[in-house]
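Below, each value reflects all heavy atoms present in this structure, side chains not excepted, and no hydrogens, waters or symmetry copies.
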Amino acid sequence: MIDVRGLTQAYGDKRVLDDVNLSVAEHERCALVGRNGAGKSTLIHSLLGLLPVRQGRVTLRGIPAQQHAWKKHVAYLPEKFQLYPNMTGTENLHFFSQVTGHALNEDRADEVLHAVHLQDDRDRLTGTYSKGMLQRLGLALMLYYDTEIIVLDEPTSGLDPIGREEILGIIRRLRGKTILMASHHFDEIRQVCTHVALLEGGRITKFTLADFTDHYFKGAAHL
Ligand SMILES: Nc1ncnc2c1ncn2[C@@H]1O[C@H](COP(=O)(O)OP(=O)(O)OP(=O)(O)O)[C@@H](O)[C@H]1O
């Protein structure tokens with residue numbers, strides 16, 4: 001579903017990704033781990049066409065990234081995103097739906113608001129939401145499109161333990177999705193992921209969760 005071959009990315013003279021290869025198969029839930037500055041966001045941005053790919057090849061669901069047709073199969077939740085504080089949860093869903101040129105499908109909106117446990121708060125201004133609620137609304141916006149591929153950049157960043165559990169529970173309950181999730185937390189990777197892509201020195205090593213667990217407890221993996 002996600003295939004990266006020979007991807008090299010640099011900022012000026014600084015090479016961040018060095019001939020990276022990564023395959024994420026259908027229905028895999030792959031964590032993307034690595035120290036701060038390892039290049040996780042650079043890789044995600046390259047996948048999603050937010051950074052031009054000059055060296056290497058990226059395909060999503062078999063479609064080359066340059067062709068844009070992949071976009072309807074992929075949803076992305078960035079680490080930081082902006083919602084409109086003077087709009088309610090539902091109004092935010094309306095707004096973002098209209099941005100993509102479609103009227104809101106009310107039934108689908110109900111489904112996703114239930115899935116993220118915001119059905120009772122949907123008519124409150126999001127300016128009054130907690131960080132956990134905002135993150136769950138971000139997830140709802142992403143799930144609304146029901147795409148096969150989901151890319152999450154540190155979805156529990158800055159949340160307290162209860163907020164983290166709520167987000168992880170929602171992700172864990174998703175069915176039939178292929179997920180790539182950047183994370184710094186071994187406990188959440190263990191709860192949610194089937195595989196781990198470790199980014200170090202500009203290269204990726206991919207593990208099954210069981211092999212990564214051995215590697216991690218030997219002290220060989222730095223998140
Ligand atoms: N636009 C940019 N211009 C110059 N250097 C950049 C730019 N974006 C990222 N970098 C550098 O590239 C390296 C990789 O950054 P990136 O954000 O991809 O890492 P990361 O693994 O996502 O980090 P974190 O875990 O802190 O989010 C870092 O050294 C960063 O400073």
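- Of all heavy-atom pairs spanning Arg172 and Arg175, the tightest one is O-NH1, 3.3 Å.
- Side chains of Ser23 and Asp3: a donor on one and an acceptor on the other come within 3.5 Å.
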Show the atom names and distances, to 0.1 Å, of all donor-acceptor pairs under 3.5 Å that link a side chain in residues 47-65 to residues at least two apart or in another chain.
from  : atom 1 : to     : atom 2 : distance (Å)
Arg61 : NE     : Glu148 : OE1    : 2.9
Arg61 : NE     : Glu148 : OE2    : 2.8
Arg61 : NH1    : His73  : NE2    : 3.3

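- With respect to Arg124 and Asp121, a salt bridge is recorded, a charged nitrogen being found less than 4.0 Å from a carboxylate O.
- Taking both residues in full, the closest heavy atoms of Leu143 and Arg108 are given as O-NH2, 2.5 Å, listed atom of the first, atom of the second, then distance.
- Minimum heavy-atom separation, His27 to Thr178: N-OG1, 2.8 Å.
- The aromatic rings of His45 and Tyr76 sit perpendicular, their planes meeting at an angle over 60°, well past the 30° parallel limit.
- Side-chain atoms of Asp123 and Thr90, non-hydrogen and from C-beta on, do get closer than 4.5 Å to each other.
- Residues Asn36 and His184 share a closest heavy-atom pair of ND2-NE2, 3.5 Å.
- The salt bridge (charged side-chain N to carboxylate O under 4.0 Å, His left out) check on Glu154 picks up nothing, with sequence neighbours excluded.
- No chain of hydrophobic side-chain contacts below 4.5 Å, direct or via other Ile, Leu, Val, Met, Phe, Trp or Tyr residues, connects Ile44 to Leu77.
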Assess the residue pair Ser183 and Glu188 against the criterion (side-chain hydrogen bond (donor to acceptor under 3.5 Å, both in side chains)); give the C-alpha distance rounded to whole Å, side-chain angles, the decisive distance to 0.1 Å, and a yes or no. CA-CA 8 Å; Ser183 174; Glu188 70 186 37; 2.9 Å; yes
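- With sequence neighbours excluded, no residue satisfies side chain to side chain donor-acceptor pair (under 3.5 Å) with Thr147.
- Between Arg122 and Leu93, the closest side-chain pair of non-hydrogen atoms is not below 4.5 Å.
- Although no hydrogens or angles enter the test, the distance criterion places no donor-acceptor pair under 3.5 Å between the side chain of Thr126 and the main chain of Thr88.
- Residues Gln135 and Arg164 fail the side-chain proximity criterion, which asks for heavy atoms closer than 4.5 Å.
- Arg190 places a side-chain heavy atom less than 4.5 Å from the side chain of Phe186.
- Summarising the local packing, CZ of Arg35 is surrounded by 12 or fewer heavy atoms from other residues, nucleotides or ligands at distances under 6.0 Å.
- Linking Ile, Leu, Val, Met, Phe, Trp and Tyr whenever their side-chain heavy atoms come within less than 4.5 Å leaves Leu125 and Tyr129 in two separate clusters.
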Go through Leu174 and Arg29 one step at a time and tell me if the side chain to side chain contact (heavy atoms under 4.5 Å, CB included) criterion holds. CA-CA 10 Å; Leu174 295 174; Arg29 295 156 171 254; 4.2 Å; yes
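- At a threshold of 4.5 Å between non-hydrogen side-chain atoms, the residues Leu22 and Leu7 do not count as touching.
- Scanning both residues, Cys193 and Leu209, for their nearest heavy atoms gives O-CD2, 3.3 Å.
- The heavy-atom pair separating Lys131 from Leu159 by the smallest distance is CG-CD2, 3.7 Å.
- Using modelled atom types and a 3.5 Å distance limit, the side chains of Gln191 and Glu165 yield a donor-acceptor pair.
- Between Lys80 and Asp153 there is no salt bridge, since none of the side-chain N atoms of the basic residue sits less than 4.0 Å from a carboxylate O of the acidic one.
- The hydrophobic cluster containing Val74 does not contain Phe81, counting ILVMFWY residues as joined when their side-chain heavy atoms lie under 4.5 angstrom apart, directly or transitively.
- A chain of hydrophobic side-chain contacts below 4.5 Å, direct or via other Ile, Leu, Val, Met, Phe, Trp or Tyr residues, connects Val112 to Ile167.
- In this structure, NE2 on His185 lies 9.0 Å from CG on Leu168, to the nearest 0.5 angstrom.
- Two residues are said to be in side-chain contact when any heavy atoms from C-beta on lie closer than 4.5 Å; Leu104 and Tyr144 meet this criterion.
- Comment: Asp211 does not engage Lys206 in a salt bridge, judged by the lack of any side-chain N to carboxylate O separation of less than 4.0 angstrom.
- Checking Gln9 against Ser46 by side-chain atom types alone, a donor-acceptor pair falls below 3.5 Å.
- Annotation: side chain of Ile204 is in contact with side chain of Val20 (closest heavy-atom distance under 4.5 Å).
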Verdict with supporting geometry, Leu137 and Met133, side chain to side chain contact (heavy atoms under 4.5 Å, CB included): CA-CA 6 Å; Leu137 186 59; Met133 292 166 78; over 6 Å; no
Applying side-chain hydrogen bond (donor to acceptor under 3.5 Å, both in side chains), run through Ser157 and Glu79 and close with a yes or a no. CA-CA 7 Å; Ser157 170; Glu79 184 182 356; 3.2 Å; yes
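- For Phe207 and His195, the gap between ring centers reaches or exceeds 6.0 Å.
- No continuous path of ILVMFWY side-chain contacts below 4.5 Å connects Tyr216 to Met181, so the two sit in separate hydrophobic clusters.
- With a 4.5 Å cut-off on side-chain heavy atoms, Phe96 and Asn92 count as touching.
- Considering Val24, Ile149, Ile150, Ile2 as possible partners of Ile179, the one that fulfils the side chain to side chain contact (heavy atoms under 4.5 Å, CB included) test is Ile150.
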